[in-house]
Undergrad: 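One structure, pasted below without further comment.
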Amino acid sequence: MKEKVFVTREIPSEGLDIIRSNFETTVWQPEVPPTRDEIVEKAKDCAGLVTLLTDPIDSVVLQSLPNLKVIAQYAVGFDNIDVEFATSRGIVVTNTPGVLTETTADLTWALIMAAARGIPQADRYVKEGKWKVGWGPMMLLGNDVYGATLGVIGMGRIGSAVARRAKGFSMKILYADVFENETTRNVEREFGASRTDLETLLRKADIVTIHVPLNPDTREMIGEKELNMMKPGAVLVNTSRGAVVNEAALADALRSGHLRGAGLDVFNEEPLQEDSPLLKLRNVILTPHIASASFATRARMATMCAENLTAALGRERPPNVVNPEVFHVE
Ligand code: GLV
Ligand code: GLV
């Protein structure tokens, strides 16, 4: 008999077809994501659950899913899942690292360039009929990216892919990270990046970009104090998780002009709430959590997610396990 799987949203067919052919599959169809209760109701007999980063998979949900053996997350980040609790129940958690690294680095660079040079402002200027003088010596001036100092907070896979691109712009690269490993040694060797503490990075960088996972140590790691440390006129880009930055403090730093601009793909609450002060600011670029959203990458994430799920339910070790300890409990 085929095992039962609940998929919390339609994912690209490259992965969904594999899941459908291997398991008795239910896919959540509405565009609005399922609530906690709806997830529990749909997944109650399931051995497998395919989740998105917006699904709250906490201990209450997990306690209500007695047959669950694997949670295959369709994302690299997994801060929406209580992994510790899942591990204690012997549930394997998998994610989709690696395949989205370059696509996310591309979007990060789109935000860096757009924020530094004010591309959306320039676009609005033209479309709103404000372009009255052919060429203006002082018209829409921005910051140079070429030769500037880039501060990378979190030099993991994505941070290092961003740093690699910075080399083409002859940037000086500073980074802060809690780990020292092959990736960090490599960026030092290959791209001349220098390790520093967070405060020095914030004080020296012209452009700061964040690439840490969200966890208790990184939550609100960039607050009012840290924003004040940043250079006047600097630019901040965040494609990691919104809660790493205190959004109200960031809005203040943008409103006062202390920061020239920001590019944000992630927010404390997604979708961004209608009363968010960020919506009123002209010097911030807002994108709706689309860093990994290329056709090819989303298809690869779907395949990877399906392979992880299939391996785990076939009693094999999946290629991308978040909680390897799970194989030692029980
Ligand atoms: C997207 O934010 C992801 O974690 O994959
Ligand atoms: C995520 O893939 C990271 O390690 O930066």
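Every number for a ligand or one of its atoms is a count from 1 in the order of the listing. Start at 1 with the first residue, then count along the sequence.
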Undergrad: Tell me: protein heavy atom nearest atom 5 (O) of ligand 1, and distance?
TA: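 For this ligand atom, the closest protein heavy atom is V76 N, 2.8 Å.
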Undergrad: Below the 3.5 angstrom mark, is there an N/O of S292, backbone or side chain, next to an N/O of ligand 1?
TA: no
Undergrad: Determine the minimum heavy-atom distance between P30 and R9, stating which atoms define it.
TA: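 Scanning both residues completely, I find the closest heavy atoms to be O-CD, 4.0 Å.
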Undergrad: Quick one: does R241 get an N or O within less than 3.5 Å of an N or O on ligand 1?
TA: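 R241 vs ligand 1: N/O contact under 3.5 Å present.
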Undergrad: Going by the order shown, which atoms of ligand 1 are within less than 4.0 Å of some heavy atom of H289?
TA: 1 (C), 2 (O)
Undergrad: Nearest heavy atom to atom 1 (C) of ligand 1: which of L100, T297, L53 does it belong to?
TA: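 Ranked by closest heavy atom to atom 1 (C) of ligand 1, first place is L53.
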Undergrad: Check the pair I19 / V27 against side chain to side chain contact (heavy atoms under 4.5 Å, CB included), numbers first and verdict last.
TA: CA-CA 10 Å; I19 297 173; V27 180; over 6 Å; no
Undergrad: Determine the minimum heavy-atom distance between V92 and V321, stating which atoms define it.
TA: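 Looking at all heavy atoms of both residues, the closest pair is CG1-CG1, 4.2 Å.
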Undergrad: Could you check T94, N80, T96 and say which one makes a side-chain hydrogen bond (donor to acceptor under 3.5 Å, both in side chains) with Q73?
TA: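 Result: among T94, N80, T96, N80 is the only option passing the side-chain hydrogen bond (donor to acceptor under 3.5 Å, both in side chains) with Q73.
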Undergrad: Could you give me the CA-CA distance, side-chain angles and deciding distance for D79 and N215, then say whether side chain to side chain contact (heavy atoms under 4.5 Å, CB included) is met?
TA: CA-CA 7 Å; D79 46 274; N215 59 41; over 6 Å; no
